[in-house]
Each structure stands twice: as structure tokens, then as C-alpha cells.
Amino acid sequence: MIVEERIYRIRSGKLREYLALVQSEGLAIQQPILGNLIGYFVSEIGPLNHVVHMWGYADFEDRTARRQRLSEDPRWQAFIPKLAALIETAENRILLPTAFSPLK
């Protein structure tokens, strides 16, 4: 298993709008294609206006295939401009579990 961690800094004053948009439209498109949503989080202490979401995949090839399917979906293509207008910066990491990690 690998975990994709996506970290977005949301434009000041737009966090509620971003979360409402993801909840009302985005996840219905993403989740059936990407599959294993591990969690969706906001920062409370430290840098503010940050959203972190984590998705689990069998391996990098599984992630690549699923992300490709998502990017080709016309619903996602129509949704992305709405979301992108609210994101100031984006960071993406692939995390590999250790031998003793509960998530494997």
C-alpha cells in the first residue's frame, strides 16, 4: 500500500467555501474513482487555511491508473476550475508505510 498526501493552502477567507464544494460535489466524483479515502483534515494550529487529504492505493501503478481515470472524467474536468480558484498552493507526497505501520 502507498498513501498519497495532498496538502493545499486555501486562499484566505475561502476555507468554508472550499470544504463545502468538496463535500457537495467533489467527493462524489473522486471517491468512486480513487477509492480509499483515508482522511480529509484542516489545520487548527500551525499554518492556517491548510487542507490535507490522504488516499490509499495498492501501489504506484494503481494510483497512476486511478488518477488518470479521474483526470479524464468530464465531471472532474468541469469541477476543477471551481476548486482551483480557491487553492493558493498545492503540495503532493507519496508516503510508503514502514514495516511496523498499522497501514500496509
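Sequence positions, counted from 1, serve as the residue numbers for this chain.
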_Under the rule for side chain to side chain contact (heavy atoms under 4.5 Å, CB included), what residues qualify as partners of Gln23, not counting sequence neighbours?_
none
*Could I get the full list of salt bridge (Lys or Arg N to Asp or Glu O under 4.0 Å) partners for Arg93, not counting sequence neighbours?*
Glu5, Glu91
_Once salt bridge (Lys or Arg N to Asp or Glu O under 4.0 Å) is applied, do any residues pair with Arg6, and if so which ones, sequence neighbours excluded?_
Glu4
*asked:* Quick one, Tyr57 with Asn36, criterion side chain to side chain contact (heavy atoms under 4.5 Å, CB included). Give me CA distance, side-chain angles, the key distance, then yes/no.
replied: CA-CA 7 Å; Tyr57 301 97; Asn36 184 15; over 6 Å; no
*asked:* Pair Leu95, Ile2 - check side chain to side chain contact (heavy atoms under 4.5 Å, CB included), show working.
replied: CA-CA 6 Å; Leu95 306 173; Ile2 64 168; over 6 Å; no
*Shared ILVMFWY cluster between Met54 and Val22, side chains joined below 4.5 angstrom?*
no
*Going from CD1 on Ile10 to NE2 on His50, what distance comes out if it is rounded to the nearest 0.5 angstrom?*
9.0 Å
*CA sep, side-chain torsions, deciding dist, call: Arg11, Ile87, side chain to side chain contact (heavy atoms under 4.5 Å, CB included)*: CA-CA 6 Å; Arg11 296 191 187 285; Ile87 298 173; over 6 Å; no
*Can you list every side chain to side chain donor-acceptor pair (under 3.5 Å) pair that touches residues 74-88, not counting sequence neighbours?*
Arg9-Glu88, Glu25-Lys82, Asp73-Arg75
*Answer yes or no: is there a side-chain heavy-atom contact under 4.5 Å between Leu70 and Gln30?*
yes
*Counterpart residues, side-chain hydrogen bond (donor to acceptor under 3.5 Å, both in side chains), relative to Gln68 (two or more places apart)*: Glu72
*Examine Leu34 and Tyr8 and state if one hydrophobic cluster contains both, with Ile, Leu, Val, Met, Phe, Trp and Tyr joined whenever side-chain heavy atoms are less than 4.5 Å apart.*
yes
*asked:* Ile7 vs Val51, test: side chain to side chain contact (heavy atoms under 4.5 Å, CB included). Steps then yes/no.
replied: CA-CA 6 Å; Ile7 304 164; Val51 171; over 6 Å; no
*Could you grab the distance from atom CG of Leu86 to atom CG of Leu19, nearest 0.5 Å is fine?*
10.0 Å
*asked:* Going by the rule side-chain hydrogen bond (donor to acceptor under 3.5 Å, both in side chains), which residues pair with Asp62 if we only count those two or more places apart in sequence or in a different chain?
replied: Arg66
*Mind jotting down which residue pairs meet the ring pair (Phe, Tyr, Trp, His ring centres under 6.0 Å) criterion with at least one end in residues 80-102? Sequence neighbours excluded, please.*
none
_Quick check on the hydrophobic clustering: are Leu27 and Ile80 connected, directly or via other members, by side-chain heavy-atom contacts under 4.5 Å?_
yes
_Between Ile94 and Phe60, is there a side-chain heavy-atom distance shorter than 4.5 Å?_
yes
*Please name the pair of heavy atoms, one in Asn49 and one in Ser12, separated by the smallest distance, quoted to 0.1 Å.*
ND2-CA, 4.1 Å
*Is Ile38 close to Met1 at the side-chain level, that is, under 4.5 Å between some pair of heavy atoms?*
yes
*Pairwise ring pair (Phe, Tyr, Trp, His ring centres under 6.0 Å) hits with a residue in residues 15-44, at least two apart*: Tyr40-His53
*Quick one: side chain to side chain contact (heavy atoms under 4.5 Å, CB included) partners of Ser101, sequence neighbours excluded?*
Pro97, Thr98, Leu103
*Side chain to side chain, Phe79 and Ile29, heavy atoms closer than 4.5 Å*: yes
*Can you list the residues that meet the side-chain hydrogen bond (donor to acceptor under 3.5 Å, both in side chains) rule with Glu61, with sequence neighbours excluded?*
none
